[in-house]
J.: 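Below are the structure tokens for one structure; questions will follow.
Numbers here simply count residues along the sequence, with the first being 1.
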Amino acid sequence: MATPTDRRNVLIVDDHEPTRLLVGRIVTQRLAARVTLAGTCEEALHRAEESTYDVILLDLLMPGIGGYEVLRKVRAQGPNRTTPILVLSVMSTRESMERCRRLGATAFLAKPVDRELITTMLRSVLAQKRATKQDGAAASPDNGR
């Protein structure tokens, strides 16, 4: 069981409240992660500027600037430039997936949300992130201090 200091921070960005709440419950219950919800693109960008997340779940089809632009802006600057971003979208065409990849998405999951698939994908991404952090700490010249 994760201790409070081990809990992962996850940002969920989706303008459809039922989906946002469903994904939030999955992440909270299955991964014991802290969840932050954003219902607009502007709110997502604000949250991504003010906090660092372990993973971001991002819908593409949102009013305003849209999910592609959120992805581009998060990758361009701020504390989440290298944070894994999993795109969740009904737009699962080859073109949309390729565009997300070019903009820096870590993975693409089609809606409707599959609880098992999203849980497996998040566990994998978080394990990779934890391993990368541990490898970086082990390689640090200040590690013995």
Side-chain angles (χ1 to χ4, degrees), residues 1-140:
M1 177 93 180
T3 65
T5 57
D6 291 339
R7 289 184 75 189
R8 299 304 191 160
N9 291 314
V10 178
L11 175 61
I12 299 170
V13 182
D14 199 308
D15 63 317
H16 187 243
E17 186 176 28
T19 301
R20 196 169 57 241
L21 295 175
L22 171 66
V23 174
R25 264 193 315 277
I26 292 168
V27 172
T28 302
Q29 292 172 353
R30 295 183 177 205
L31 303 172
R34 268 182 295 231
V35 169
T36 301
L37 303 174
T40 67
C41 296
E42 294 72 20
E43 183 181 7
L45 290 172
H46 175 73
R47 299 229 185 258
E49 282 294 321
E50 72 179 10
S51 298
T52 302
Y53 295 94
D54 294 295
V55 67
I56 298 171
L57 298 168
L58 175 65
D59 182 25
L60 290 179
L61 293 178
M62 295 183 52
I65 63 171
Y68 289 117
E69 189 65 8
V70 170
L71 178 56
R72 187 190 69 74
K73 287 184 175 199
V74 169
R75 285 294 183 239
Q77 64 184 21
N80 291 289
R81 283 186 311 272
T82 61
T83 298
I85 299 176
L86 306 181
V87 172
L88 297 171
S89 182
V90 296
M91 285 185 39
S92 57
T93 65
R94 181 175 299 186
E95 293 81 17
S96 61
M97 288 185 229
E98 177 59 25
R99 184 174 178 193
C100 288
R101 187 196 62 74
R102 282 193 319 269
L103 289 170
T106 306
F108 190 103
L109 298 170
K111 287 182 179 178
V113 174
D114 178 306
R115 293 171 192 255
E116 295 305 319
L117 182 59
I118 196 169
T119 301
T120 300
M121 181 66 73
L122 284 168
R123 283 186 177 137
S124 173
V125 167
L126 291 171
Q128 287 174 349
K129 185 169 180 159
R130 180 173 284 159
T132 301
K133 277 186 180 179
Q134 289 173 349
D135 288 347
S140 172

J.: Can you tell me if Arg81 uses its side chain to pair, donor with acceptor, with the backbone of Gly78 under 3.5 Å?
T.: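 Yes, the answer is positive, given that a donor and an acceptor are paired below the 3.5 Å cut-off.
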
J.: Would you mind telling me which of Leu117, Leu57, Val87 makes a side-chain contact (heavy atoms from CB on, under 4.5 Å) with Leu109?
T.: Leu117

J.: Suppose we screen for side chain to side chain donor-acceptor pair (under 3.5 Å). Which residues come up paired with Asn9, at least two apart in sequence or across chains?
T.: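 Asn9 satisfies side chain to side chain donor-acceptor pair (under 3.5 Å) with Arg34 only.
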
J.: Would you say Ser96's side chain and Met91's backbone share a donor-acceptor pair under 3.5 angstrom?
T.: yes

J.: For Asn80, what residues pass the side-chain contact (heavy atoms from CB on, under 4.5 Å) criterion, not counting sequence neighbours?
T.: Ala48, Thr52, Tyr53, Ile56, Val74, Thr83

J.: Are Arg25 and Thr28 close enough, and set up right, to give a side-chain contact (heavy atoms from CB on, under 4.5 Å), and what steps lead you there?
T.: CA-CA 5 Å; Arg25 264 193 315 277; Thr28 302; 5.8 Å; no

J.: List the atom of Lys111, the atom of Val90, and the distance in Å for their closest heavy-atom pair.
T.: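 Residues Lys111 and Val90, closest heavy atoms: CB-CG1, 3.7 Å.
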
J.: Let me confirm one number: the NZ-CD distance from Lys73 to Glu69, rounded to the nearest 0.5 Å.
T.: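 If we round to the nearest 0.5 Å, Lys73:NZ and Glu69:CD are 5.0 Å apart.
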
J.: For residues Gly104 and Leu71, report the shortest heavy-atom separation together with the two atoms involved.
T.: C-CD1, 4.3 Å

J.: Return the minimal non-hydrogen interatomic distance between Arg8 and Arg130, and the atom names on each side.
T.: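 Closest heavy-atom pair between Arg8 and Arg130: NH2-NE, 2.9 Å.
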
J.: To the nearest 0.5 Å, how far apart are CG in Leu21 and CD1 in Ile26?
T.: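 Those atoms lie 11.0 Å apart.
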
J.: Is the closest basic N to carboxylate O distance between Arg20 and Asp59 below 4.0 Å?
T.: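 Salt bridge between Arg20 and Asp59, a charged N being under 4.0 Å from a carboxylate O: no.
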
J.: Would you say the side-chain atoms of Arg123 pair up with the backbone N or O of Arg30, donor to acceptor, closer than 3.5 Å?
T.: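 Here the side-chain-to-backbone pair exists.
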
J.: Judged by atom type as modelled, is there a donor-acceptor pair below 3.5 Å linking the side chain of Thr106 to the main-chain atoms of Ile85?
T.: yes

J.: How far does CE of Met121 sit from CD1 of Ile118, to the nearest 0.5 angstrom?
T.: 9.0 Å

J.: Between side-chain atoms of residues 36-44 and protein atoms elsewhere (two or more places apart, or another chain), which donor-acceptor pairs fall under 3.5 Å?
T.:
{"residue": "Thr40", "atom": "OG1", "partner": "Glu43", "partner atom": "N", "Å": "2.9"}
{"residue": "Glu43", "atom": "OE1", "partner": "Gly39", "partner atom": "N", "Å": "2.9"}
{"residue": "Glu43", "atom": "OE2", "partner": "Arg47", "partner atom": "NH2", "Å": "3.2"}

